[in-house]
Amino acid sequence: MAAASIMPPHTNPPPPATARDPTATVSDPQRHRDAPTPSLRALFLRAVDPSRPSSWSTAVADLLSSGDPVAALAAFAAALRANPAALRPALPPALRAAAAATSLSAGRQLHLLALRSGLFPSDAYSASALLHMYYHCSRPLDARRAFDEIPAPNPVIVTAMASGCVRNNLVYTALSIFRSMVASDSAGVVDEAAALVALSASARVPDRGITGGIHALVSKIGLDGHTGLANTMLDAYAKGGGHDLGAARKLFDMMERDVVSWNTMIALYAQNGLSTEALGLYSKMLIVGGGVRCNAVTLSAVLLACAHAGAIQAGKRIHNQVVRMGLEDNVYVGTSVVDMYSKCGKVEMAWKAFQKIKGKNILSWSAMIAGYGMHGYGQEALHVFTDMRKSGLKPNYITFISVLAACSHAGLLNEGRYWYNTMKTEFGIEPGVEHYGCMVDLLGHAGCLDEAYDLIKEMKAKPDAALWGALLSACRIYKNVELAKISAERLFELDATNSGYYVLLSNIYAEAGRWKDVERTRVLVKTRGIEKPPGYSSVELKGKIHLFYVGDKSHPQYKEIYAYLEKLLERIQEAGYVPNTGSVLHDLDVEERESMLRIHSEKLAVAFALMNSVQGSVIHVIKNLRVCTDCHAAIKIITKLTGREIIVRDIKRFHHFKDGLCSCGDYW
DNA sequence: CTAGGGTTAG
């Protein structure tokens with residue numbers, strides 16, 4: 001990229017004065033990014049005096065900061081032709097331009113230039129920029145080699161080394177560089193920049209206590225009070241060893257906060273599934289933010305929390321805020337709105353929001369495809385996919401996960417097969433475990449068990465537990481005990497801790513009347529000490545999230561809920577619901593057997609919502625696992641009996657229950 | 001008369 005034009009540094013006539021355009025400016029927003037020529041004309045205007053080397057370096061730097069590194073490199077070449085003395089001031093920004101363009105060839109030529117002119121290794125400015133360039137071009141060894149040439153590297157150069165290491169995933173090296181800076185013991189070596197780099201390294205390392213150590217050091221040298229540093233520290237506490245959100249929050253409460261602090265803390269909660277905390281902190285920001293106003297980033301983070309919790313009322317409130325702030329067409333915010341509505345069961349609203357987004361990127365499209373897909377609207381998802389390709393965007397790995405998942409949820413066997421093959425042949429994307437997962441699911445549900453098994457056998461990537469699990473559940477539908485045994489064996493080699501698979505296998509054996517195998521599975525669960533991840537369901541009522549666990553008695557209204565549910569279950573039994581008395585599952589699951597009423601969380605949540613919501617309103621329930629067969633049957637009849645509409649989001653997809661039927665066609 | 005560093009959204 002723009003490599004040939006840089007060398008060599010001999011004198012040439014100055015640039016043509018006729019190139020000046022009195023109306024152009026460097027920051028002209030109309031300037032096209034891919035066309036360096038107008039930029040150069042702007043540059044010549046800026047470079048009023050070619051005899052002043054510094055004016056050239058400013059021009060190179062300006063073009064770089066306006067986002068056109070290629071033009072910056074061209075300007076550097078022009079600068080050298082105009083005045084060889086421009087080399088010294090213009091070389092560092094030129095190196096940064098090569099880094100921004102990730103042009104190793106340009107960078108290497110500049111390195112040579114630096115060597116010939118003697119600027120490297122003696123000039124610290126050029127040296128730090130050179131290291132920066134090599135790290136940005138993913139050449140850590142070249143950077144290291146250059147660093148070893150520098151006789152007395154200053155703290156700026158050392159910090160550049162550490163940050164480059166972080167960038168290239170040499171996190172422990174970065175930390176040891178930081179430690180050596182601390183050990184050098186001369187005042188001022190460890191400054192704000194060095195501490196920031198160390199914290200960014202500590203955020204990527206599983207070891208506990210590193211962030212705390214840096215925190216202590218930062219306080220000791222009096223660097224606390226820097227909000228930027230504290231913001232980075234929040235992230236490091238939450239993402240580094242220990243995932244200590246508590247420590248992050250403690251710091252957050254003490255420090256001086258700007259908008260980034262609030263956004264960071266809210267996003268950390270949202271990303272860790274602590275939706276209530278994220279939403280709570282957002283409210284607090286609005287009330288006690290101390291003049292800090294929320295922005296697009298805040299709203300995206302809060303929308304993520306709403307999406308996770310299925311908090312539609314809160315989600316709508318945030319959406320109103322988005323509209324008030326005129327951010328509906330913002331691609332990041334808009335995509336978050338789409339995701340929120342999809343995951344809150346309002347896919348029509350998602351579609352409306354989707355249409356408002358300006359400059360939709362691949363994530364926006366993928367979110368919409370996934371949204372339709374998880375609601376079982378396979379054709380709609382494929383239509384969006386077609387529109388996306390028409391718009392000129394190329395689908396990627398992620399897009400195809402959404403597309404295949406949509407086919408799988410809607411049972412679109414031929415379409416799924418078609419896109420799976422086309423993805424490989426036409427788009428050159430090698431399918432990963434996620435794609436195989438969708439295909440195994442799709443083929444399995446359609447009864448093509450052998451084809452699904454063959455697919456797993458032929459794949460290049462290592463099959464994961466979810467894949468064998470998908471095949472296993474297909475084996476259950478089609479009562480294929482032999483293939484179930486094979487799947488289970490592979491499964492238990494991979495993931496011996498997820499009890500769901502043991503339950504599934506045990507059920508398959510039970511249904512086939514193979515009680516010895518049932519017993520063997522039961523023993524396996526006991527000896528391996530497997531715990532079931534607690535299943536829970538949640539319901540939003542008046543903007544507050546109510547959580548229910550299996551046999552949960554912690555809710556203040558629990559007595560009324562159980563009484564109501566008991567009556568409801570009686571009524572639906574009269575209407576034809578047969579409770580699943582299959583003892584297999586309960587024998588397997590000690591905790592569940594011993595719990596007072598063995599009532600699944602989704603039934604509790606539904607009962608609670610029926611009791612407390614307005615007649616005629618749609619009930620939304622979120623479940624963290626797959627909805628169980630028994631509850632699925634029960635909820636269907638509940639909708640018939642009560643005339644209510646119930647939407648359940650489980651870990652994989654949505655179930656729209658209405659008039660005794662479910663949108664999944666009992667196929668999930 | 002320049003240079004080195006970081007965080008948030010998708």
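As a basis for the values below, the full set of heavy atoms in this structure was taken, side chains included, without hydrogen atoms, waters or symmetry mates. Chain A is the first sequence line, chain B the second, and so forth, proteins listed ahead of strands; every chain is numbered from 1.
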*Could you state the atom-to-atom distance from CG of Leu304(A) to C1' of dT8(B) in whole Å?*
12 Å

_Side chains of Ser342(A) and Asp339(A): any donor to acceptor distance under 3.5 Å?_
no

*asked:* dT2(B), OP1 or OP2 - any side-chain N/O from Arg96(A) closer than 4.0 Å?
replied: no

*Specify the separation, in whole Å, of atom CG of Leu223(A) and atom P of dG6(B).*
16 Å

*May I ask you to evaluate whether Arg204(A) reaches the phosphate of dT7(B), defined as a side-chain N or O under 4.0 Å from OP1 or OP2?*
yes

*Any side-chain N or O of Thr159(A) under 4.0 Å from OP1/OP2 of dG5(B)?*
no

_By nearest atom, which of the nucleotides dG4(B), dG5(B), dT8(B) is closest to the Val156(A) side chain?_
dG4(B)

*Under 4.0 angstrom, heavy atoms only, what part of the nucleic acid is Ala296(A) near: base, sugar-phosphate, or nothing?*
nothing

*Should His132(A) be listed as having a side-chain N or O under 4.0 Å from OP1 or OP2 of dG5(B)?*
yes

*Identify which nucleotide among dG5(B), dT7(B), dC1(B) has an atom closest to any side-chain atom of Thr58(A), counting heavy atoms from C-beta outward.*
dC1(B)

*Check every atom of dG5(B), dT2(B), dG4(B) against the side chain of Asp191(A) and return the nucleotide holding the closest atom.*
dG4(B)

*Would you kindly say whether Tyr237(A) and Arg249(A) are connected by a side-chain donor-acceptor distance under 3.5 Å?*
no

*So which nucleotide from dG4(B), dA3(B), dT8(B) ends up closest to the side chain of Val260(A)?*
dT8(B)

*Counting any heavy atom closer than 4.0 Å, what does Ser336(A) reach on the DNA or RNA strands: base, sugar-phosphate only, or nothing?*
sugar-phosphate

*Return the value, rounded to whole Å, for the distance between atom CG of Leu303(A) and atom P of dT8(B).*
18 Å

*asked:* At less than 4.0 Å, is any side-chain N or O atom of Lys239(A) found next to OP1 or OP2 of dG6(B)? Yes or no.
replied: no

*Taking Thr102(A) for the side chain and Ala99(A) for the main chain, is one N or O donor matched with an acceptor at less than 3.5 Å?*
no

*Mark yes or no for whether Asn168(A), through its side chain, and Tyr135(A), through its backbone, hold a donor-acceptor pair below 3.5 Å.*
yes

*Spacing between Asn272(A) atom CG and dT8(B) atom P, to the nearest angstrom*: 13 Å

*Atom-pair distance (CG on Leu196(A); P on dG4(B)), nearest Å*: 15 Å

_Rounded to whole Å, please give me the gap between CG in Leu131(A) and P in dG5(B)._
10 Å

*In whole angstroms, how far is the C1' atom of dC1(B) from the CG atom of Leu87(A)?*
16 Å

*Between dG6(B) (C1') and Ile214(A) (CD1): distance, integer Å*: 12 Å

*Test His111(A) against Phe120(A) for ring-ring contact (aromatic ring centres under 6.0 Å, His included), laying out the working first.*
CA-CA 8 Å; His111(A) 186 178; Phe120(A) 186 81; 5.6 Å; yes

